[in-house]
K.L.:
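Okay, handing you the structure first.
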Amino acid sequence: MSGWNSIPDLGALVGEKVRLRGWIDGHRSSGRIGFIRLRDSGATVQLVVSRKAVDDPSWEVLQHAGQESTIAVTGTVAADPRSPGGVEVQVSSLALVHGAENYPITPKEHGAAFLMDNRHLWLRSSRQRAVLRIRSEVCHAIHDFHRERGYYLVDSPILTPAACEGTSTLFETPYFDHGSAYLSQSGQLYLEPAAAALGKVYCFGPTFRAEKSKTRRHLMEFWMVEPEAAFLDFEGLCELAEDFLVYLAGRVLENCGEPLAILERDASKLESIRRPFPRLRYAEAIDLLRRQGSGIEFGEDFGAPEETSITREFDRPVMVTHYPTSLKAFYMQPDADDPSLALALDVIAPEGYGEIIGGSQRIHDHDLLLSRLKAHDLPLDAFRWYLDIRRYGTFEHSGFGMGVERFVAWMAGVPHLRETIPYPRTMDRIYP
RNA sequence: UCCUCGGUAGCUCAACGGUAGAGCGUUCGGCUGUUAACCGAAAUGUUGGGGGUUCGAAUCCCUCCCGAGGAGCCA
């Protein structure tokens, strides 16, 4: 018999003999009967070990194998209302594959620092498994959304010659005879040329920011998805962002019921993510904040408290548009009616999860872009190829970026981004 | 970079100037349906490092190191 069964399949195998391999998630014994919560394939099932049903070596395994020991089991699947999940395995034999001793993460509470030191083991806990399953679903859904709409996946480079936006701090690394290379903080500048080749494109990969940010909403390394489309105007961009978030939330609701339940996430918060999202121009958002008692002035950017304050008035994400150009990146297209405003879009998630999407229509006029590069004191040599896009058949185009970890945090209802990526990179931690 | 809080057993914490403790985990024993089981017993400490005050410091002071939360910036 070569086949091993998988715990998620056991519900359909009641009454049948099965073989399982996995980890001891938890166990207890009670004289002549014992219970093991076995974990495999991201799921758990209760094993029932009766003294009279197994031989001595099997009984010894139950008595002495520590938490997270690996075991191999033969038994019969039974439906029993006393078992968590309603299904259990009545064990006929139990073999130790590897005995683990003194597993550090115990069933009681632990502090963040200890759990982060043991991130490689923390991943095994039910809460972390649930978050990682949601992340996996979100990543698959990101690809599906774009594929269904005719977007091509175009991978942008991670090693880049210069700042894409010229503002944030970059991670620097030596690069042969060329001096330094920098880890990418956005794929956008590389997507705009690709949009001239393939029309609708997107990239999805890791992004690096060397900002010295120590908050629950920041990571040094995070994943960003960035669609960019030729002949997409600002209104089209806003609709794309809405469709995207509604689609992703729908996929989480459709396929992540169990993880959401484990996380005790209020699904109604996700069900309310429907079109249309409220839209505020920057000036209207300033008015709203001032009505709420903020002392913010026109021309100032929003901090995290302002973002949260704006979304408190609504039950779904809020789109803020038409920012003053001084607050936004050099490549953003000015509004035709008021060139002091940029055709920029930020989508702010509710419940304090902050800005999850930032995007804009891009400047397509060569001379305007050139003057903006000069005004921002950016090295023209480094942007010559970028200007070429405006020199050879320029075209109206728009795109945005979405931070995957912030989105997953919002879906899962977890407060800290470090739980939404398998191995978080924070300012003071690069281990494990 | 700045502000706030913290560092005592493997973990979470108590003791706040006078003999360093509890719960959980671990080990051993008991118990035939446990859901973070329960009952009994045992082992476990350079109180983050250095310096100072004091008869006496985990406790007060200085300094360094480390961690957590937040600000700015962003996704």
Side-chain angles (χ1 to χ4, degrees), chain A residues 25-37 44-53 62-64 66-68 78 80-86 88 90 100-118 121-122 125-126 164-165 167-170 185-188 206-226 241 300-307 327-329 345-349 352-359 400-410 415-418 420-421 426-429 431:
Chain A
D25 205 59
H27 64 132
R28 59 192 57 81
S29 73
S30 182
R32 292 199 171 15
I33 191 168
F35 305 90
I36 292 173
R37 189 172 60 248
T44 59
V45 70
Q46 173 165 281
L47 309 179
V48 184
V49 187
S50 174
R51 181 65 190 93
K52 65 190 177 202
L62 171 72
Q63 295 299 309
H64 297 292
Q67 191 183 351
E68 293 302 328
D80 193 309
R82 291 171 297 186
S83 177
E88 63 188 21
Q90 284 159 353
E101 291 176 17
N102 294 318
Y103 184 69
I105 300 179
T106 64
K108 290 285 181 175
E109 72 269 26
H110 299 283
F114 176 78
L115 290 170
M116 289 299 295
D117 285 341
N118 291 284
L121 303 176
W122 190 22
S125 73
S126 66
C164 285
E165 303 185 14
T167 53
S168 304
T169 321
L170 297 165
Q185 59 176 351
S186 167
Q188 180 203 319
T207 305
F208 307 87
R209 304 270 168 96
E211 295 154 3
K212 294 193 173 180
S213 302
K214 281 185 62 172
T215 82
R216 73 182 84 164
R217 293 182 308 281
H218 291 90
L219 296 169
M220 300 300 102
E221 176 181 325
F222 64 97
W223 281 61
M224 186 155 70
V225 52
E226 297 174 89
E300 294 176 357
D301 210 349
F302 308 130
E306 284 80 22
E307 288 177 352
L327 294 179
K328 289 296 179 180
L345 163 72
D346 282 357
V347 183
I348 308 170
Y353 287 98
E355 186 187 334
I356 50 167
I357 279 182
F400 65 75
M402 187 192 79
V404 169
E405 288 74 19
R406 286 190 183 174
F407 184 80
V408 171
W410 173 28
H416 204 301
L417 251 48
R418 66 183 164 216
T420 64
I421 187 168
T426 55
M427 202 176 115
D428 294 314
R429 187 179 290 279
Y431 174 93

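A, B, ... follow the sequence lines: proteins, then strands. Residue 1 opens every chain. Quick caveat: nothing in here was measured; it's all calculated off a predicted structure.
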K.L.:
Which residues pass the salt bridge (charged side-chain N to carboxylate O under 4.0 Å, His left out) test with Arg217(A), sequence neighbours left out?
P.N.:
none

K.L.:
Would you call Leu417(A) and Arg406(A) a side-chain contact if the rule is heavy atoms closer than 4.5 Å?
P.N.:
yes

K.L.:
Please assess Phe35(A) against Val48(A) for the test side-chain contact (heavy atoms from CB on, under 4.5 Å), listing each intermediate value before the final yes or no.
P.N.:
CA-CA 5 Å; Phe35(A) 305 90; Val48(A) 184; 4.1 Å; yes

K.L.:
What are the atom names and distances for every N/O pair under 3.5 Å that joins the protein to nucleotides 69-71 of chain B?
P.N.:
residue: G69(B); atom: OP1; partner: His416(A); partner atom: NE2; Å: 3.2
residue: G69(B); atom: OP1; partner: Arg418(A); partner atom: NH1; Å: 2.8
residue: G69(B); atom: OP1; partner: Arg418(A); partner atom: NH2; Å: 2.9
residue: G70(B); atom: OP1; partner: Arg216(A); partner atom: NE; Å: 2.1
residue: G70(B); atom: OP1; partner: Arg216(A); partner atom: NH2; Å: 2.3
residue: G70(B); atom: OP2; partner: Arg216(A); partner atom: N; Å: 3.0
residue: G70(B); atom: N7; partner: Lys214(A); partner atom: O; Å: 3.1
residue: A71(B); atom: OP2; partner: Arg217(A); partner atom: NH2; Å: 3.3
residue: A71(B); atom: N6; partner: Lys212(A); partner atom: O; Å: 3.4

K.L.:
Do Ile348(A) and Ile356(A) pass the side-chain contact (heavy atoms from CB on, under 4.5 Å) test, and can you show the C-alpha distance, the side-chain angles, and the key distance before you say yes or no?
P.N.:
CA-CA 6 Å; Ile348(A) 308 170; Ile356(A) 50 167; over 6 Å; no

K.L.:
When you check every protein heavy atom under 4.0 Å of nucleotides 20-30 of chain B, what one-letter string (B, S, -) results, 5' to 3'?
P.N.:
----SSS-S--

K.L.:
Roughly how many Å apart are U47(B) and G7(B), using the C1' atom of each and rounding to a whole number?
P.N.:
10 Å

K.L.:
Please report the distance separating the P of A57(B) from the corresponding atom of U53(B), rounded so that it comes out in whole Å.
P.N.:
11 Å

K.L.:
How does RNA chain B look in dot-bracket form if you count Watson-Crick and G-U pairs under 3.5 Å, write [ ] for pairs that cross, and put | where a base pairs with another strand?
P.N.:
(((((((..((((....[..)))).(((((.......))))).....(((((..]....))))))))))))....

K.L.:
If you apply the rule side-chain contact (heavy atoms from CB on, under 4.5 Å), what do you find for Phe222(A) with Ile421(A), and how did you get there?
P.N.:
CA-CA 8 Å; Phe222(A) 64 97; Ile421(A) 187 168; 5.6 Å; no

K.L.:
Does Arg418(A) offer a backbone N or O that forms a donor-acceptor pair with the side chain of Glu405(A) under 3.5 Å?
P.N.:
no

K.L.:
Check nucleotides 41-46 of chain B for protein N or O atoms closer than 3.5 Å to its own N or O atoms and list the pairs.
P.N.:
none

K.L.:
Between U4(B) and C62(B), how far apart are the two P atoms, rounded to whole Å?
P.N.:
13 Å

K.L.:
Rounded to whole angstrom, note down the C1' distance from A43(B) over to U26(B).
P.N.:
9 Å

K.L.:
Between G69(B) and C55(B), how far apart are the P atoms? Round to whole Å, please.
P.N.:
43 Å

K.L.:
Determine whether a donor-acceptor pair (one donor, one acceptor, N or O, separation below 3.5 Å) exists between the side chain of Arg429(A) and the base of C66(B).
P.N.:
no

K.L.:
Report the residues that fulfil salt bridge (charged side-chain N to carboxylate O under 4.0 Å, His left out) with Asp428(A), sequence neighbours left out, ordered by chain and then residue number.
P.N.:
Lys214(A)

K.L.:
Does the structure show Phe35(A) stacking with G33(B), if we require the centres to be closer than 5.5 Å and the planes to be within less than 30 degrees of parallel?
P.N.:
no

K.L.:
Please state the P separation for the pair A36(B) and G30(B) - nearest whole angstrom.
P.N.:
25 Å

K.L.:
Hey, does the side-chain of His110(A) have a donor or acceptor N/O within less than 3.5 Å of a partner on the base of C11(B)?
P.N.:
no

K.L.:
In whole Å, what separates the P atom of G21(B) from that of G45(B)?
P.N.:
12 Å

K.L.:
With P as the reference atom in both, quote the distance from G6(B) to A14(B) in angstrom, rounded to an integer.
P.N.:
10 Å

